[in-house]
Amino acid sequence: MIDKQTPAVGPTEGQPSLRRTPSQKRSRERVEHILSCATGLIEEKGSDAMRMSEVAETAGISIGSLYQYFPDKAAIVRTLAERYNAASRDCIASEFAKVTTLAELRSAFSALFDTYYDMFLAEPVMRDVWSAMQADRTLRKIELAESRANGRLLAETWARVQPETPRQRIDDAAFLIMHLGECTMRLAVSVDRPEGDRIVAAFKHMILREFVADATSEAASSIDIARGRP
């Protein structure tokens, strides 16, 4: 599960999540309370149906006080998304830090994808926030930035265990793998569970076989050619 108290990552440039960054303990506690109330409303009725007036009423504050922190509903969704993303990225970084071989990378990637899938199945708010991001151009930029950030984590690990593979190929493939992984997850949680499980299994099989494993054979072929082997 993702810890809802995980600090938010920095917002995309030019698009602040919070209207003002709380520095006082009381203000930080108010922000947490607002987000907790918003999360409850999203879980109950979805982000599309949630209204700022409802958030203020549930939080027991005036609409003006709410707007002091969050200028609109998208800012609330954005903050929640940033927190989920930060927690996910920390989990990925922690697992990849333990990797020392290609086999361990394959195992870590597979386990992380399963964990991510379980989180989305267990957290309806995560699924709703993710869906809401698809309908907003600014929020979609967060998803793309997250794919790049997670891709860099994968690329750094991949390059560490397969230094003979061209780095540009690793960077491009890692970015693609992570972005396709998010798309696959969105599809998997949109269908019934048995089909979703098959989609996840098919994606992992495709990635582990065609991307990670293929990189090894490609690198080996390059070495053979360099050594004059057919």
Side-chain angles (χ1 to χ4, degrees), residues 1-2 9 80-136 139-162 165-220:
M1 297 283 181
I2 286 183
V9 295
L80 292 173
E82 288 170 346
R83 290 184 172 207
Y84 287 132
N85 288 343
S88 297
R89 193 162 55 252
D90 286 346
C91 182
I92 292 171
S94 177
E95 288 302 311
F96 282 170
K98 307 171 187 175
V99 169
T100 59
T101 66
L102 182 61
E104 290 178 356
L105 175 58
R106 289 162 59 85
S107 296
F109 179 86
S110 181
L112 280 168
F113 203 76
D114 286 340
T115 298
Y116 205 41
Y117 182 41
D118 289 341
M119 286 194 307
F120 266 81
L121 290 172
E123 293 278 359
V125 174
M126 276 184 72
R127 299 198 301 270
D128 189 280
V129 166
W130 204 0
S131 296
M133 292 175 68
Q134 306 308 305
D136 187 292
L139 294 177
R140 286 200 302 271
K141 292 181 180 179
I142 297 178
E143 182 182 33
L144 183 60
E146 191 65 14
S147 294
R148 291 190 184 281
N150 290 334
R152 285 192 292 271
L153 290 173
L154 174 57
E156 289 294 332
T157 308
W158 192 346
R160 187 172 71 245
V161 300
Q162 285 290 313
T165 303
R167 183 55 191 263
Q168 189 61 60
R169 184 190 186 284
I170 288 179
D171 289 344
D172 292 342
F175 175 34
L176 181 60
I177 286 171
M178 288 307 197
H179 188 67
L180 288 178
E182 292 168 2
C183 295
T184 299
M185 195 67 65
R186 190 158 51 246
L187 175 61
V189 299
S190 300
V191 299
D192 60 55
R193 179 63 187 270
E195 185 177 12
D197 290 349
R198 294 195 302 272
I199 288 170
V200 167
F203 174 78
K204 290 195 303 177
H205 178 75
M206 178 184 70
I207 294 303
L208 296 179
R209 182 176 180 179
E210 302 299 334
F211 281 86
V212 180
D214 184 61
T216 307
S217 60
E218 179 179 294

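Remark: Y117 engages no residue in a ring-ring contact (aromatic ring centres under 6.0 Å, His included) (not counting sequence neighbours). Shown here are the side chain to side chain donor-acceptor pair (under 3.5 Å) partners of E195, two or more places apart in sequence or in another chain: there are none. Legend: residues meeting side chain to side chain donor-acceptor pair (under 3.5 Å) with S110, ordered by chain and number and at least two apart, are K204. For the ring-ring contact (aromatic ring centres under 6.0 Å, His included) test, residues two or more places apart in sequence or in another chain that qualify with F120 are Y116, W130.
Here the OG atom belonging to S88 is positioned 7.0 Å from the CD atom belonging to E146, to the nearest 0.5 angstrom. Rounded to the nearest 0.5 Å, atoms CD1 (I177) and CD1 (I207) are 5.0 Å apart. Rounded to the nearest 0.5 Å, atoms CD1 (I142) and CD (E82) are 5.0 Å apart. How far CG of D90 is from CD of E95: 12.0 Å, rounded to the nearest 0.5 Å.
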Enumerate, atom names and distances included, each donor-acceptor pair closer than 3.5 Å involving a side-chain atom of residues 183-190, sequence neighbours excluded.
unit_1, atom_1, unit_2, atom_2, d
T184, OG1, L180, O, 2.8
R186, NH1, E143, OE2, 2.7
S190, OG, R186, O, 2.6

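For the residue pair A159 and I170, the shortest heavy atom distance occurs at CA-CD1, 3.7 Å. Annotation for S147 and M178: closest pair O-CB, 3.8 Å, computed over non-hydrogen atoms. Residue V191 comes nearest to G196 through the heavy atom pair CG2-N, 3.5 Å, listed as atom of the first residue, atom of the second, then distance. Closest non-hydrogen pair, R89 versus L153, comes out as CG-CD1, 3.5 Å. The two atoms that bring F203 and F109 nearest to each other are CE2-CZ, 4.0 Å, heavy atoms only. Smallest separation of non-hydrogen atoms from A174 and G151: CB-O, 3.3 Å.
With hydrogens and angles ignored, the 3.5 Å screen pairs no side-chain donor or acceptor of E123 with any backbone N or O of M119.
N150 places none of its side-chain heavy atoms less than 4.5 Å from the side chain of N85. At least one side-chain heavy atom of L105 sits less than 4.5 Å from a side-chain heavy atom of F96. Between L121 and R193, the closest side-chain pair of non-hydrogen atoms falls below 4.5 Å.
Among residues at least two apart or in separate chains, salt bridge (charged side-chain N to carboxylate O under 4.0 Å, His left out) pairs with a member in residues 170-184 are R167-D171.
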